[in-house]
Amino acid sequence: MSNIGSYEKRRENFNWDIAKEVLGWKEGEILNIGAMCSDRICAQGKGDKKALIWQGFGGKQKTYTFNDLRVLSNGFAKFLQDLGVEPGEKVCLFMDKIPELYVSFLGVLKMGAVAQPLFSAFGDESLEVRLLSADTKVIFTTRKHVKKVRKIQDRLPALEKIVVVEGNPAKLRDEEIYFSMEDFRVEDFTTFESDAGTPSVLHYTSGTTGQPKGAQHGHGSVWGQALTTSWVLDLKEDDIYWCTADPGWVTGTSYGIIGPWSLGVTQCVLDSGFTSAAWYQFIQDNRVTVWYSAPTAIRSLMRDGEALVRQYDLSSLRHLASVGEPLNAEAVIWSEKVYGLAFLDTFWQTETGSMMITNFPGMKIKPGSMGKPFPGIVAGILDLKTNEPVTEPGTVGLIAFRPGWPSMFREYVKQPDIYRSKFVGAADDAMPAELRLDESLWYVSGDRASFDKDGYYWFVGRDDDVINTGGHLVGPFEIESALVEHEAIAEAAAIGKPDEVNMEVVKVFVTLNPGFEPSDDLELNIMNFIRKRLSPLAMPQEIEYSEKLPKTRSGKILRRYLKALEWGEEVGDLSTLEDD
Ligand code: 6R9
């Protein structure tokens, strides 16, 4: 009964307890994501079923059953306990998309610690900011990436252990620990007795001001993740599912680990660089049935054309979905034409933990729309000035949600004021401590949209200066802070510049210190400086030198102005401009 019915029916009869039913979870069982994705599936008699089909560079393959997940994650859990890690402490996972990443994620959660996955492409500065903020105690990494950790470890007082899980152990430093997952299969482990509110996964997300914020989730998030996986991704027992996202991004944990495995579904992971041909080959070889990806990838596939698609047998595919950026109608129509299936858009955020606005099988799809609020989600569009919900279809305002859905983030680490500022609708002194459950408030997403007369939501744009490059949010402040550390740069502003494939790429405006002149060498040097310190995504694709940057009277750089010029839009109200 849980996986059928029209949108309206499901909405009418909705209750989050349906998630428990879908998972076959009974009151009194431990609510622990690590165990739910491994032990519980084995207890259902599916221990020998494939959980992970992994492929790395050069076509190297490895396969793991749910029983492998169970004993290997037990190994990680036991190892952490033996190291003296306590429940609630943060364990960072800093590696490529190797099997150890997926298994350690479950192991960390099983013993009650918090899993903090970070992109392996991060440079030392991006890493430092996030480990420092979280007071991370242990980091799991690989030989390939440990050098970045070594560079910053002296500045991280809370970081006690560096554990290397892949690569040549002979080349480690004395204080570094080598851990080989395959050599530590532990049959029995007593799972930490977490509940819905126990901290589980910590993801950092970029805002306009300040360094990235740590959005902390709890084990109860699994209800939202599992039910949306079941209804929106439509995963069923025999599916072979592929989520292309890296677990350094929330999509890669909510729907690249927790959603599919909590439902006992087989998933594939491809840990090698993107080419359209390699992706099609992967789908063909593994008979992928459900594919969850992002508009940037879809646009790249479009660019490589239909003839390439025809060289592969993609007939196993039965359902496609997308997240991360606006999915243009053109991409939806193209995918329907060449794959015989439309990519269905889903909208959500790191903070929401699971899909909020969705298109799912059985719903009428309007290409270009993000769909309708998932059943159980109360969405609204708030007036840009008054924060009151608008009633007129077509009115552009802020997308907002009534708090209380299971996978909503529970805090921004060490930033209660910023957490509070994401909720509107009550006088300040009436703000309850448990914001996340107060249904008289609105959680405000930071995006603009409108709904139409049929209740479909249409994305308009972000309400802030955050840059969305290829589905990944990059904070301008983070880039600017790194830029001004460069010896040549006095001041800097970072904005998103339109790009055909990535939607936006980073463009920066800089003023130079005395004694420095613009040159090709300097440009390359600055680009590499950012790529190494932050990440390839944050690297500016264009650098514009200026004598002076536009500022408000209070001295804030006016990115809005630079962005409007770049996008050829109305510049808007400039009354606060310094030189007006
Ligand atoms: C899951 C995820 C969230 C931001 C979000 C919005 C943009 C996500 C979108 C979309 C248009 C969609 N975004 N899905 N914009 N259409 N279907 O992406 O999390 O990295 O936190 O990004 O991404 O701007 O606010 P996160």
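Remember, it's 1-based here, ligands and their atoms both numbered in the order they're listed. Since the model is a prediction, treat every value here as computed from it, not as a measurement.
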**OP:** Output the list of atoms in ligand 1 that are nearer than 4.0 Å to some heavy atom of Val250, sorted by atom number.
**Re:** 1 (C), 19 (O)
**OP:** Give the residue, atom name and distance (to 0.1 Å) of the protein heavy atom nearest atom 18 (O) of ligand 1.
**Re:** Trp249 CZ2, 3.4 Å
Original post:
If you measure from each heavy atom of Pro326 to ligand 1, is any distance below 4.0 Å?
Top reply: yes
**OP:** Give the contacting part of Leu327 toward ligand 1: side chain, backbone, both or neither, where contact means a heavy-atom distance below 4.0 Å.
**Re:** neither
**OP:** Could you point out which residue of Tyr204, Phe477, Tyr412 forms a side chain to side chain contact (heavy atoms under 4.5 Å, CB included) with Pro212?
**Re:** Tyr204
Original post:
In a check of side chain to side chain contact (heavy atoms under 4.5 Å, CB included) between Tyr292 and each of Val232, Thr244, Thr251, which one passes?
Top reply: Thr251
Original post:
Identify the closest protein heavy atom to atom 13 (N) of ligand 1: which residue and atom is it, and at what distance?
Top reply: Gly324 O, 3.2 Å
Original post:
Counting from 1, what ligand 1 atoms have a heavy atom of Arg462 closer than 4.0 Å?
Top reply: 4 (C), 5 (C), 24 (O), 25 (O)
**OP:** Considering only non-hydrogen protein atoms, determine which one is nearest to atom 3 (C) of ligand 1 and report residue, atom name and distance to 0.1 Å.
**Re:** Trp348 O, 3.6 Å
Subject >> Thr346, any N or O under 3.5 Å of ligand 1 N or O >> reply: yes
**OP:** Would you kindly specify which portion of Glu325 sits under 4.0 Å from ligand 1, judged on non-hydrogen atoms: side chain, backbone, both or neither?
**Re:** backbone
Original post:
Hey, which atoms in ligand 1 end up nearer than 4.0 Å to a heavy atom of Asn468?
Top reply: 7 (C), 23 (O)
**OP:** Considering only non-hydrogen protein atoms, determine which one is nearest to atom 22 (O) of ligand 1 and report residue, atom name and distance to 0.1 Å.
**Re:** Leu473 CD1, 3.4 Å
Subject >> Side-chain donor-acceptor contact under 3.5 Å, Gln116 with Thr136 >> reply: yes
**OP:** For the residue pair Trp442 and Asn387, confirm or rule out a side-chain donor-acceptor distance under 3.5 Å.
**Re:** no
Original post:
Should one rank Thr251, Ile357, Asp447 by closest heavy-atom distance to atom 24 (O) of ligand 1, which comes out on top?
Top reply: Asp447
Original post:
Which heavy atom in Arg559 sits nearest to a heavy atom in Pro476, and how many Å separate them?
Top reply: NE-CB, 3.3 Å
Subject >> Aromatic ring pairing Tyr443/Phe401, orientation class (parallel under 30°, perpendicular over 60°, tilted between) >> reply: parallel
Original post:
Of all the atoms in ligand 1, which lie at a distance below 4.0 Å from a heavy atom belonging to Met370?
Top reply: 16 (N)
**OP:** Could you label the plane-to-plane angle of the Phe409 and Phe423 rings as parallel, tilted or perpendicular, counting under 30° as parallel and over 60° as perpendicular?
**Re:** parallel
**OP:** If the plane angle is over 60° it's perpendicular, under 30° parallel, otherwise tilted; pick one for Phe360 and Trp231.
**Re:** tilted
Original post:
In Å and rounded to the nearest 0.5 Å, what is the OG to CZ distance from Ser445 to Arg462?
Top reply: 7.5 Å
Original post:
What protein heavy atom is closest to atom 21 (O) of ligand 1, reported as residue, atom name and distance in Å?
Top reply: Thr350 OG1, 2.6 Å
